[in-house]
Amino acid sequence: MAENVVGRVHSIESFGAVDGPGVRFVIFLQGCPLKCLYCHNPDSWDPAYGKKMSSDYLIQEILSYRNFIKDGGVTISGGEPLLQHKFVKAILDGCRLHGIHTAVDTAGSIPLSVCRETIDAADMLLLDIKDIDTLDCQKLTGMGNENAFAVLDYCEQTDKPVWIRHVLVPGLTLMQDKLERLAERLSHYHCIEKVELLPFHKMGEYKWEALGRAYTLADTQPPNREEVKCAREIFLSRGLNL
């Protein structure tokens, strides 16, 4: 029987279509150690906020949607879900008892020594690689990329399926040299089933204003169709599935 653990939840999407394979019940957890310049949910950063929920309660909610997610599953996202790794593991264990597929959407910002058992409990990972260069990653998010690649290396060792996510931000990550080096590095991993290139958008800009935070990308525009196409071609040329 799965342990009942209480955690903090930012929001829930009962019919998610973009957070893993199939239709998914998506739980967005509260709290994140990163401060990504393009984050569209800065209201999820503070771990003290959010609504308290138990893993048992969430499992019952998930089961009420079982018929709708039978060809998909459950995705636990954030914020950074692995900040609440015990809570996440309890949900994953509960889903496993009921034969429900699970995914964890993480930026790999929590040390592997802390969250290894939670990663082991997930059926797959959606891993957000912020930047191929650790110093630029630190400027972009407040943290380097070492933890993220350590998580990816661990998934390679344990044959854990991974979907890579990478946000295309003009002037920051949407640069040919960076994309070529990232694609080349990722091409050597057998655990990577798919790469999702996500165009930068400004839909969360109003949240920064509401929170009184300075949004430094106010003048940055989303990439155009041709820029996204060129980025995709780089990854396809390395044999990666998009």
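Of the inter-residue distances, the one linking C115 atom SG with K89 atom NZ reads 12.5 Å to the nearest 0.5 angstrom. Interatomic distance, L82 CG to T106 OG1, rounded to the nearest 0.5 Å: 4.0 Å. The line from CD of E146 to CG of L112 is 14.0 Å long, rounded to the nearest 0.5 Å. The line from CD1 of I27 to OG of S11 is 10.5 Å long, rounded to the nearest 0.5 Å. In this structure, CG in L63 is found 11.0 Å from CG in L58, a value given to the nearest 0.5 Å. To the nearest 0.5 Å, the span separating CD1 on I119 from CE on M124 amounts to 13.5 Å.
R66 places a side-chain N or O within donor-acceptor distance of the main-chain N or O of H98, the cut-off being under 3.5 Å. Between the T173 side chain and the V167 main chain, a donor and an acceptor come within less than 3.5 Å of each other. Side chain of N4 to main chain of D56: a donor-acceptor pair is present (N/O by atom type, distance under 3.5 Å, no hydrogens or angles). Here the side chain of K202 pairs a donor or acceptor atom with the backbone of A218 at under 3.5 angstrom. With hydrogens and angles disregarded, a donor-acceptor distance shorter than 3.5 Å links the side chain of T118 to the backbone of H85. Not one N or O on the side chain of E3 forms a donor-acceptor pair closer than 3.5 Å with the backbone of A90. Formation of a donor-acceptor pair under 3.5 Å by the E80 side chain with backbone atoms of L34 is not found in this model. For the pair Q84 (side chain) and Q30 (backbone), a donor-acceptor distance under 3.5 Å is present. Between the side chain of R165 and the backbone N or O of L198 there is no donor-acceptor pair closer than 3.5 Å. Panel note: side chain S44, backbone G78; no donor-acceptor pair is recorded below 3.5 Å.
L140 and I110 sit in two unconnected hydrophobic clusters of ILVMFWY residues. Membership requires side-chain heavy atoms under 4.5 Å apart, directly or through other members. Residues I129 and I234 fall within the same hydrophobic cluster, defined by Ile, Leu, Val, Met, Phe, Trp and Tyr side chains chained together at heavy-atom separations under 4.5 Å. I132 is not connected to L37 by any chain of hydrophobic side-chain contacts under 4.5 Å among Ile, Leu, Val, Met, Phe, Trp and Tyr, and they are in different clusters. In the hydrophobic cluster analysis, where Ile, Leu, Val, Met, Phe, Trp and Tyr join through side-chain heavy atoms closer than 4.5 angstrom, F87 is grouped apart from V26. At a threshold of 4.5 Å between side-chain heavy atoms, the hydrophobic network of Ile, Leu, Val, Met, Phe, Trp and Tyr places V9 and F25 in one connected group.
Taking a cutoff of 4.0 Å between a charged side-chain nitrogen and a carboxylate oxygen, K130 and D136 do not qualify as a salt bridge. In summary, D120 and R116 do not engage in a salt bridge, as defined by a charged side-chain N under 4.0 Å from a carboxylate O. Taking 4.0 Å as the cut-off between side-chain N and carboxylate O, R181 and D133 count as a salt-bridged pair.
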Under the criterion side chain to side chain contact (heavy atoms under 4.5 Å, CB included), I'd like the reasoning laid out for M175 against D177: C-alpha separation, chi angles, the key distance, then a yes or no. CA-CA 6 Å; M175 303 170 67; D177 174 65; 5.7 Å; no
T220 vs L172, test: side chain to side chain contact (heavy atoms under 4.5 Å, CB included). Steps then yes/no. CA-CA 10 Å; T220 302; L172 292 175; over 6 Å; no
From CA spacing to verdict: side chain to side chain contact (heavy atoms under 4.5 Å, CB included), S109, N147: CA-CA 6 Å; S109 56; N147 282 342; 5.6 Å; no
Side chain to side chain contact (heavy atoms under 4.5 Å, CB included) assessment of K194 paired with N241: CA-CA 5 Å; K194 183 177 181 180; N241 182 40; 4.3 Å; yes
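Between L211 and D43, some side-chain heavy-atom pair lies under the 4.5 Å cut-off. Side-chain contact between V162 and L152 is present, with heavy atoms from C-beta onward closer than 4.5 Å. A 4.5 Å side-chain heavy-atom check between I100 and I59 finds every atom pair outside the cut-off.
The minimum heavy-atom distance between A121 and D93, with the atom names listed, is CB-OD1, 3.9 Å. Nearest heavy-atom pair, P161 versus E193, reported as atom, atom and distance to 0.1 Å: CB-OE2, 3.4 Å.
Counting heavy-atom neighbours within 6.0 Å of H188 NE2, excluding the residue itself, gives a total above 12. Within a 6.0 Å radius of NZ in K139, other residues, nucleotides and ligands contribute 12 heavy atoms or fewer. In this structure, D219 places its CG atom where only 12 or fewer heavy-atom neighbours from other residues, nucleotides or ligands lie under 6.0 Å away. The environment of E233 atom CD is dense: over 12 non-hydrogen atoms of other residues, nucleotides or ligands sit within 6.0 angstrom.
Inspection of the K207 and N41 side chains reveals an N or O donor paired with an N or O acceptor under 3.5 Å.
Using cut-offs of 30° and 60° for the angle between ring planes, the H201 and H40 rings count as tilted.
Applying side-chain contact (heavy atoms from CB on, under 4.5 Å) to L197 and the options L168, L240, V228, L174 leaves one that passes, L168.
Note: F15 and Y65 meet the aromatic proximity criterion, with ring centroids under 6.0 Å apart.
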